[in-house]
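When a ligand or atom number is given, it counts from 1 through the structure's own listing order. Just so you know, these numbers come straight off a predicted model, no measurement behind them.
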Amino acid sequence: MFDLSKIVRQNIQQLKPYSSARDEFEGTADVYLDANENSFGSVLKAYHRYPDPLQRNLKKQIAELKRVPAEKIFLGNGSDECIDLLYRCFCNPGKDNVIISQPTYGMYEVSANINDIAVKNIPLTAEFALDEAAITKAIDTATKIIWCCSPNNPTGNNLDATVMERLARGFDGLLVVDEAYADFSSAGSFTSRLEQLPNVVVLQTFSKAWGLAGLRLGMAFASPEIIAVFNKVKPPYNINEATQLKVAKALQHAGEVQKMIDRLVKGRAWLQEQLQLQEGILQVFPSAANFLLVRCESSRELYHYLLKAGVVVRDRSSALHCEGCLRITIGTDAENTLLVNTIQSFYKL
Ligand SMILES: *Cc1c(COP(=O)(O)O)cnc(C)c1O
């Protein structure tokens, strides 16, 4: 049976969190002399006040969009902050371990290394599926997190939700489902299962489908108790005012975002088809994300040829099961055409 109090680090349970000026006075007043801001304002005519530490306005809007109550939402300076916080709240340096399944997003391992947490790699199968039996076997008393990325980066496929749910139910640590690419997938979000699965944390981001990578806003969805632990540990003003305002504005244009997503999904189908017809392209893996993993003949030479033509893709050939593979983000129609034409001219050489 999952018991949150058993997996929060001792020092975090005992932590008396920093209390900011904005925490201690929440009402409105005529004169604010409580936070040592510049009372004359700023040359930008904005931003001279510290932002809301708990981003209440923004969370209200996100709650509506995602159909998750605000008390189950945490906002991070990118999902990358959420990833780091998961380690700092739940994993004891030098003692605990986490499970990841390569090939997957690199930050799970980098962040583990930064926090001195051991990583057990239980690779995805050759079909890029979770190895449920091996993961179950690898869990020990010091295992705190199982990382699942769905759709997975760099392979593009969804992981099996039934398997993830079974893993969560049989585990007294946290199962994290990173859904950075969920907006491009027709598989439903794991947020709908939070009620039944108290040890699941779902990550999403404004960096991909929403096109706001530069603003740095990531979301974690989990039980109010887990969210409370994140709030205790995060830097007081982790989401700056510009980001809070701009993302709130963007959220009023969800329909336009959906149109871009639809075009990218169409572009993905077109690119998939074109590449499959191209000689020299050995395999185009099915993708539920805004990129394709493509196995190519002479992948390194192709990579450099594309670079010379001004097209940058990601060389993933050193990742497990990804020999000879490039990861290609879906572009605009014109970019996709240029890419296909350049690949075609490379293989004609
Ligand atoms: C891009 C990506 C992220 C990064 O999210 P940020 O919100 O930009 O920090 C997280 N997870 C995966 C799997 C990604 O590919």
Atom pairs and distances, side-chain donor-acceptor, residues 248-256, under 3.5 Å, sequence neighbours left out:
residue: H253; atom: ND1; partner: E256; partner atom: OE2; Å: 2.8

Quiz item: Is the count of non-hydrogen atoms from other residues, nucleotides or ligands lying under 6.0 Å from E71 atom CD greater than 12?
Solution: yes
Ligand 1: which protein N/O atoms lie under 3.5 Å from its N/O atoms?
residue: ligand 1; atom: 5 (O); partner: S79; partner atom: OG; Å: 3.3
residue: ligand 1; atom: 7 (O); partner: S79; partner atom: N; Å: 2.7
residue: ligand 1; atom: 7 (O); partner: S79; partner atom: OG; Å: 3.0
residue: ligand 1; atom: 7 (O); partner: T205; partner atom: OG1; Å: 2.6
residue: ligand 1; atom: 7 (O); partner: S207; partner atom: OG; Å: 3.4
residue: ligand 1; atom: 8 (O); partner: S207; partner atom: OG; Å: 2.6
residue: ligand 1; atom: 8 (O); partner: R216; partner atom: NH1; Å: 2.9
residue: ligand 1; atom: 8 (O); partner: R216; partner atom: NH2; Å: 3.3
residue: ligand 1; atom: 9 (O); partner: S79; partner atom: N; Å: 3.1
residue: ligand 1; atom: 9 (O); partner: D80; partner atom: N; Å: 3.1
residue: ligand 1; atom: 9 (O); partner: D80; partner atom: OD2; Å: 3.4
residue: ligand 1; atom: 9 (O); partner: R216; partner atom: NH2; Å: 2.7
residue: ligand 1; atom: 11 (N); partner: D178; partner atom: OD1; Å: 3.4
residue: ligand 1; atom: 11 (N); partner: D178; partner atom: OD2; Å: 2.7
residue: ligand 1; atom: 15 (O); partner: N153; partner atom: ND2; Å: 2.9
residue: ligand 1; atom: 15 (O); partner: Y181; partner atom: OH; Å: 2.7
residue: ligand 1; atom: 15 (O); partner: K208; partner atom: NZ; Å: 3.1

Quiz item: Under 6.0 Å from the six-membered ring centre of F291 and within 45° of its axis: does the NZ or CZ of R327 meet both?
Solution: yes
Exercise. Among residues two or more places apart or on two chains, list those pairs meeting salt bridge (charged side-chain N to carboxylate O under 4.0 Å, His left out) that have a residue in residues 269-298.
Key: R295-E323
Exercise. Please name all residues satisfying ring-ring contact (aromatic ring centres under 6.0 Å, His included) with Y303, sequence neighbours left out, ordered by chain then number.
Key: none
Exercise. Flag the pair R88 and D84 as a salt bridge only when some basic side-chain nitrogen lies within less than 4.0 angstrom of an acidic carboxylate oxygen.
Key: yes
